[in-house]
Amino acid sequence: MKIIHGTWIPSSEDNFVQNGTFCLWVETAENCRKNTKINNLYPRQLTSEDLANFLVKDLRISSNSYQNSVKLISSKYFLLPSSDNQPLPSLTLSRYLEIGYPENS
């Protein structure tokens, strides 16, 4: 299972036309990383290569080539809910994993 998350980050300019960046990330039910403290990434998110593969093969969204898709992906960092120094899965995913959110998080 893959859950697609997206958010719009507006630029900090005061122009009438507001530019910005749409950020997309995909959360999976599987833990994709063995050691998240080294690379500081969410353990259930797809890597750049896996995200490009998902966009091109599963969603059929592509640029001219697979390599261009990987180059267009850049990392952004967000604060996510966590408990016991571990990031929590999204509310949607926690229902499928049968994991409840802590009362005081």
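- Residues Leu46 and Lys2 form a side-chain contact, since some pair of their non-hydrogen atoms from C-beta on lies under 4.5 Å apart.
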Atom pairs and distances, donor-acceptor, side-chain atoms in residues 8-18, under 3.5 Å, two or more places apart:
unit_1	atom_1	unit_2	atom_2	d
Ser11	OG	Asn19	O	3.0
Glu13	OE1	Asn15	ND2	2.9
Gln18	NE2	Glu13	O	3.4
Gln18	NE2	Asn15	O	2.5

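- With rounding to the nearest 0.5 angstrom, the CD atom of Gln45 is 10.5 Å from the CG atom of Asp50.
- Applying the side-chain contact (heavy atoms from CB on, under 4.5 Å) test to Leu24 and every residue at least two apart in sequence or in another chain returns Ile4, Phe22, Leu55.
- Side-chain contact between Leu51 and Trp25 is absent, with no heavy-atom pair separated by less than 4.5 Å.
- Side-chain N or O atoms of Arg44 include none that pairs as donor or acceptor with a backbone N or O of Glu27 at under 3.5 Å.
- With rounding to the nearest 0.5 angstrom, the CZ atom of Phe54 is 10.5 Å from the OG1 atom of Thr28.
- Taking NZ from Lys57 and CG from Leu59, the interatomic distance works out to 13.0 Å, rounded to the nearest 0.5 Å.
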